[in-house]
Amino acid sequence: QVQLVESGGGLVQAGGSLRLSCAATGDISIKVMGWYRQAPGKQRELVATIGYRTNYADSVKARFTISRDNAKNTVYLQMNSLKPEDTAVYYCHLLGVYGEDLWGKGTLVTVSL
């Protein structure tokens, strides 16, 4: 069974950087991988996805960069110039070529003033 293993969350001061990683274990053909986030009291929202092209939420454009290592079935999210409003649980998501729809357990990112 394929699982998504996330890492890289933590506490950082405003203006700082963090890099999230998400590795898909097991044998799977990946169509799209991405990151979503959910702040306290808010709905889960898209942050960035990567398939044939990349897609970003307006709120993170020019600050976050999504990338993918196909050989490792791993997606990364480089987050720069972090703001307190970026504080959330970040979830990795995968869409497989054959319709697989997987979520990671989430990793907490906290940005302090």
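Since this is a predicted model, take the numbers as computed values, not measurements.
- Leu11 belongs to no hydrophobic cluster with other residues, because no ILVMFWY side-chain heavy atom falls under 4.5 Å from its own, directly or through intermediates.
- For Gln43, the CD atom sits in a loose shell: 12 or fewer heavy atoms of surrounding residues, nucleotides or ligands are nearer than 6.0 Å.
- Counting all heavy atoms, side chain and backbone alike, Val89 lies closest to Gly106 at CG1-CA, 3.8 Å.
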For residues 12-34, which side-chain donor-acceptor pairs fall under 3.5 Å, sequence neighbours excluded?
unit_1, atom_1, unit_2, atom_2, d
Ser17, OG, Asn80, OD1, 2.9
Thr25, OG1, Gln3, N, 3.2
Thr25, OG1, Gln3, O, 3.3

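- The minimum heavy-atom distance between Ala39 and Thr87, with the atom names listed, is CB-O, 3.6 Å.
- Summarising the hydrophobic clusters (Ile, Leu, Val, Met, Phe, Trp, Tyr; side-chain heavy atoms under 4.5 Å, direct or chained), the residues clustered with Tyr98 are Val97.
- Within the structure, the ring-ring contact (aromatic ring centres under 6.0 Å, His included) test picks out no pair touching residues 5-27 (sequence neighbours left out).
- One distance of note links CD of Gln1 with CG of Leu102; it measures 8.0 Å at 0.5 Å rounding.
- Within the structure, no pair that satisfies the ring-ring contact (aromatic ring centres under 6.0 Å, His included) test touches residues 12-35, not counting sequence neighbours.
- Using a 4.5 Å heavy-atom threshold, the side chains of Tyr91 and Gln38 count as touching.
- In the hydrophobic cluster analysis, where Ile, Leu, Val, Met, Phe, Trp and Tyr join through side-chain heavy atoms closer than 4.5 angstrom, Tyr90 is grouped apart from Val5.
- In terms of the salt bridge (charged side-chain N to carboxylate O under 4.0 Å, His left out) criterion, Lys42 has no residue partners (sequence neighbours excluded).
- Within the structure, every pair that satisfies the side-chain hydrogen bond (donor to acceptor under 3.5 Å, both in side chains) test and touches residues 99-113, not counting sequence neighbours, is listed here: His93-Asp101.
- One distance of note links OG1 of Thr49 with CG of Leu94; it measures 12.0 Å at 0.5 Å rounding.
- Residues Arg68 and Ile50 share a closest heavy-atom pair of NH1-O, 3.3 Å.
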Name the atoms and distances for all side-chain donor-acceptor pairs under 3.5 Å in residues 55-67, with sequence neighbours left out.
unit_1, atom_1, unit_2, atom_2, d
Tyr56, OH, Ile66, N, 2.9
Asp58, OD1, Lys61, NZ, 3.2
Ser59, OG, Arg37, NH2, 3.4
Arg63, NH1, Ser81, O, 3.0
Arg63, NH1, Asp86, OD2, 2.8
Arg63, NH2, Ser59, O, 2.8
Arg63, NH2, Asp86, OD1, 3.0
Arg63, NH2, Asp86, OD2, 3.4

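- Sorted by first then second residue, the disulfide (SG to SG under 2.5 Å) pairs that include residues 32-70, not counting sequence neighbours, number zero.
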